[in-house]
Amino acid sequence: MGEETQKTRKKLKDISSVEEFNDLLERTMLSTEEKQILILYYKEQKTLTYIADFLGMSEIIVKRKHKKLLMKIGKLL
């Protein structure tokens with residue numbers, strides 16, 4: 001992953017407040033599914049494999065979506 005997505009990943013992990021995390025998601029133009037991926041990964045510490053299974057997608061699709069989400073959210077952080 002690129003340096004910018006690594007920084008975004010760290011910033012998301014560092015958000016300790018659920019309210020702050022939810023506020024960030026509300027400021028985005030993300031779909032419910034995209035928000036769910038971020039919540040499951042960063043707040044519930046689920047693996048991308050688990051998330052893929054939970055959402056009925058392939059792991060590769062979830063990984064791609066996650067990477068795109070990091071790029072989108074990175075602009076807001």
Side-chain angles (χ1 to χ4, degrees):
M1 250 184 225
E3 187 176 325
E4 285 302 311
T5 55
Q6 288 291 5
K7 286 180 185 177
T8 302
R9 181 186 288 245
K10 182 178 179 349
K11 286 179 183 177
L12 287 171
K13 286 183 179 180
D14 288 345
I15 297 174
S16 57
S17 157
V18 173
E19 292 85 19
E20 186 180 348
F21 193 83
N22 288 336
D23 287 345
L24 172 67
L25 293 183
E26 289 305 315
R27 292 194 324 251
T28 65
M29 297 296 289
L30 301 178
S31 70
T32 303
E33 179 183 89
E34 291 171 327
K35 290 177 183 178
Q36 194 172 24
I37 289 170
L38 292 174
I39 291 167
L40 287 168
Y41 190 78
Y42 290 101
K43 292 292 122 203
E44 297 184 19
Q45 284 87 38
K46 301 298 183 191
T47 65
L48 293 175
T49 304
Y50 173 90
I51 295 167
D53 187 49
F54 182 78
L55 296 175
M57 300 177 183
S58 73
E59 186 176 353
I60 292 170
I61 297 282
V62 172
K63 284 181 179 181
R64 285 184 189 149
K65 285 179 180 273
H66 178 251
K67 186 174 181 178
K68 286 180 183 177
L69 289 168
L70 291 178
M71 289 187 278
K72 280 183 182 179
I73 287 193
K75 297 171 187 168
L76 295 173
L77 293 175

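By convention here, the first residue in the shown sequence is residue 1.
No side-chain heavy atom of L30 sits less than 4.5 Å from a side-chain heavy atom of I37. Using a 4.5 Å heavy-atom cutoff, the side chains of R64 and I60 are in contact.
L40 and I61 fall within a single hydrophobic cluster, where Ile, Leu, Val, Met, Phe, Trp and Tyr are joined by side-chain heavy atoms under 4.5 Å apart, directly or via other members.
From K43, atom NZ reaches atom CD1 of I15 across 6.5 Å, with rounding to the nearest 0.5 Å. Once rounded to the nearest 0.5 Å, the distance linking CG of L70 with CG of L12 reads 6.5 Å. Distance check, rounded to the nearest 0.5 Å: NE2 of H66 to OG1 of T5 gives 9.0 Å.
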Using residues 45-55 as the side-chain source, report each donor-acceptor pair under 3.5 Å to any protein atom, sequence neighbours left out, with the distance given to one decimal.
unit_1 : atom_1 : unit_2 : atom_2 : d
Q45    : NE2    : Y42    : O      : 3.3
T47    : OG1    : Y50    : N      : 2.9
T49    : OG1    : E59    : OE1    : 3.2
T49    : OG1    : E59    : OE2    : 2.9

* Do K11 and I73 pass the side chain to side chain contact (heavy atoms under 4.5 Å, CB included) test, and can you show the C-alpha distance, the side-chain angles, and the key distance before you say yes or no? -> CA-CA 10 Å; K11 286 179 183 177; I73 287 193; over 6 Å; no
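With hydrogens and angles left out, the side-chain atoms of E33 and S31 include no donor and acceptor closer than 3.5 Å.
For K72, the side chain to side chain donor-acceptor pair (under 3.5 Å) criterion is met by E34, not counting sequence neighbours. Residues satisfying the ring pair (Phe, Tyr, Trp, His ring centres under 6.0 Å) test with F21, not counting sequence neighbours, are none.
For the pair L25 and L38, the tightest heavy-atom approach, listed with the atom from each and the gap, is CD2-CD1, 3.6 Å.
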